[in-house]
Colleague: 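Here it is: the structure, laid out below.
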Amino acid sequence: MLDKIQDLLREVDAVVVNSKEDLEKFRLKFISRKGLLNELFDEFKTVPNEQKKAVGQELNKLKNLAEQKLRDFTEALEQSAGSADANKGLDLTLPVAPNFAGTVHPLTLTRQRILEIFARMGFNHEDGPEVETDWYNFTALNFAENHPAREMQDTFFVEKKDVQKDDVLLRTHTSNVQVRLMEHKKPPIRSVMLGRVYRNEAISARAHCQFHQIEGLYVDKNVSFKDLKDTLYHFAKEMFGQDTKIRLRPSYFPFTEPSAEIDISCFICKGSGCNICKHTGWVEIAGSGMVDPNVLENSGIDSEEYTGFAFGMGIERITMLRYGVRDLRLFFENDVRFLRQFEGA
Ligand code: DAH
C-alpha cells in the first residue's frame, strides 16, 4: 500500500489543470466521496498495526497535497477568468490618447516670422540691454531734457544719479540699441533689434507694464525715405498678405526727422470697416522716420556723409492682429487653455 500511495503522491504533484473540467476531474478522482483518498482511508483500516504509522504519515501527506492542489488550481482559474472579464471590450488596436507636447508661445511665433522676413532683406539681428542708462534710452536719442516721457509715470527708474544722462532705468523702447550699435559699427548698418521693454502703465486689455518691440535701423550713404517706405511695404505684405497696403501719416519722434506712423490696410474687413480698425479701414503698426542728424552725431557718425531710417513696432500688437487676440494680458498669464490654441501654428 505504501508503494501505491507514493505513486499517487508523484501523480498529484505532477498534475496540471488548465480548465474547470480538468479541475473537476481531479476533484472526482482524488477528493470526492468516492475518490481515491477515501478508498485509501478505507484500505488503511486493514493495514497491520506495525505499519500504520508509516503508511498513515504518507496517506496524510497525499491528502494534504491533493487538497492544497485543489485550492491552488481553483484560485488560479478564478483569477484568469477575472482578467479575461476585464479585458472584455478592450480594443488594443485603438490609438493611445496623445500626450500634449507643448506649444511655441504666440509672441515667439511672431518674433520668428518678423526676424525671418527682415533677415531675407539683409537685416542682421542685434541685442541690447534691458537695464539702460538715460543716455542711450533718451538723451542720445535727442529727447529734450524735460521731455514728458522721462517722467516717473512712464519710466521705471532703477537709480537716480547726479547727472540726468547717467540715470539707470528699464528701457522704455528698443530704440536704446540704435546708438549703442552705431558707436561700435561703421555704416553700412542694417539691423533689427528685438526684445522686452518696460513702461509704468496701468495693466489693461490694451496696455501692460512690459511688452516687446522690434527696432529697425538702416544707415548708409544715400538711404532715403523711399527705402523706408519700400522696406516696410515689403514687410507688411510678407506679414499680413500680398494685397496689404500701407499708409504713412506724419508724426513726431525726437530721434527721427521727418517722422511717420505706418498704418496697414485692415486685413480683416479689407477696408469696409470693423472693430479692429475702428471702422477706418486702417490699423497702425509702427513708428518710423529718417534718423535725426543729432542722433548720428551722438553716435560718432558723420551726418553729412550718411543718412538712415529707423522704425519700431510692438510685437504684441502685431500678434494680436495676426491671431485676433483681444486682450494683451493673455500673453503673460501662461494659461494653457490660451497657449494650446497655437499648437501647430
Ligand atoms: N521708440 C518708439 C516707441 O517706442 C517707436 C519708434 C518710432 C522707433 C520711430 C523708431 C522710430 O525707430 O523711428 O514708441
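Worth saying up front: this structure is predicted, and the values here are computed from it rather than measured. Whatever order the structure lists ligands and atoms in, that order sets their numbers, starting from 1.
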Colleague: Verify the ring-centre separation between H173 and F255: is it less than 6.0 angstrom?
Modeller: yes
Colleague: Check whether any N or O atom of G216, backbone or side chain, sits under 3.5 Å from an N or O atom of ligand 1, and answer yes or no.
Modeller: no
Colleague: Give a yes or no on whether a salt bridge exists between R180 and E183, defined as a side-chain N under 4.0 angstrom from a carboxylate O.
Modeller: no
Colleague: Please confirm whether M313 approaches ligand 1 to less than 4.0 Å, judged on its heavy atoms.
Modeller: no
Colleague: Relative to F138, does K165 satisfy both conditions: NZ or CZ under 6.0 angstrom from the six-membered ring centre, and within 45 degrees of the ring's axis?
Modeller: no
Colleague: Any idea which protein heavy atom is nearest atom 12 (O) of ligand 1, and the distance to it?
Modeller: E215 OE2, 2.6 Å
Colleague: Just to be sure I'm reading this right: ignoring hydrogens, which of S251, A260, G312 gets closest to atom 8 (C) of ligand 1? Compare them by their nearest heavy atoms.
Modeller: G312
Colleague: Considering only heavy atoms, which of R171, H173, M193 lies nearest to atom 1 (N) of ligand 1?
Modeller: H173
Colleague: Counting from 1, what ligand 1 atoms have a heavy atom of T256 closer than 4.0 Å?
Modeller: 13 (O)
Colleague: Using a strict 4.0 Å cut-off to heavy atoms of Q178, name the atoms of ligand 1 that fall inside it.
Modeller: 12 (O)
Colleague: Could you list which atoms of ligand 1 come closer than 4.0 Å to a heavy atom of Q213?
Modeller: 3 (C), 4 (O)
Colleague: With heavy atoms under 4.0 Å as the rule, classify the contact between S175 and ligand 1 as side chain, backbone, both or neither.
Modeller: side chain
Colleague: To the nearest 0.5 Å, how far apart are CG in N124 and CD1 in I189?
Modeller: 9.5 Å
Colleague: Please identify which atoms of ligand 1 are closer than 4.0 Å to at least one heavy atom of F253.
Modeller: 7 (C), 9 (C)
Colleague: Can you check whether D243 reaches F267 side chain to side chain, under 4.5 Å on heavy atoms?
Modeller: no
Colleague: Heavy-atom count around E333 CD within 6.0 Å, excluding the residue itself: above 12?
Modeller: yes
Colleague: Whether K237 engages the ring of Y233 as a cation-pi pair (distance to the six-membered ring centre under 6.0 angstrom, angle to the ring normal within 45°) should be assessed.
Modeller: yes
Colleague: Please give me the minimum heavy-atom distance between P106 and Y323, naming the atom from each residue.
Modeller: O-CE1, 4.3 Å
Colleague: Do you know which two heavy atoms are closest between Q164 and D134, and how far apart they sit?
Modeller: O-CB, 3.1 Å
Colleague: Please confirm whether F255 comes under 4.0 Å of ligand 1, counting heavy atoms of the residue only.
Modeller: yes
Colleague: Can you tell which part of F311 has a heavy atom less than 4.0 Å from ligand 1: side chain, backbone, both or neither?
Modeller: backbone
Colleague: Would you mind listing which atoms of ligand 1 come within a distance below 4.0 Å of any non-hydrogen atom of G289?
Modeller: 13 (O)
Colleague: I need the contact type for R199 against ligand 1. Using non-hydrogen atoms and a strict under-4.0 Å cut-off, is it side chain, backbone, both or neither?
Modeller: side chain
Colleague: State the CZ-CD distance between R120 and E238, to the nearest 0.5 angstrom.
Modeller: 5.5 Å
Colleague: Evaluate T172 for polar contact with ligand 1, using N/O atom pairs at a separation under 3.5 Å.
Modeller: no
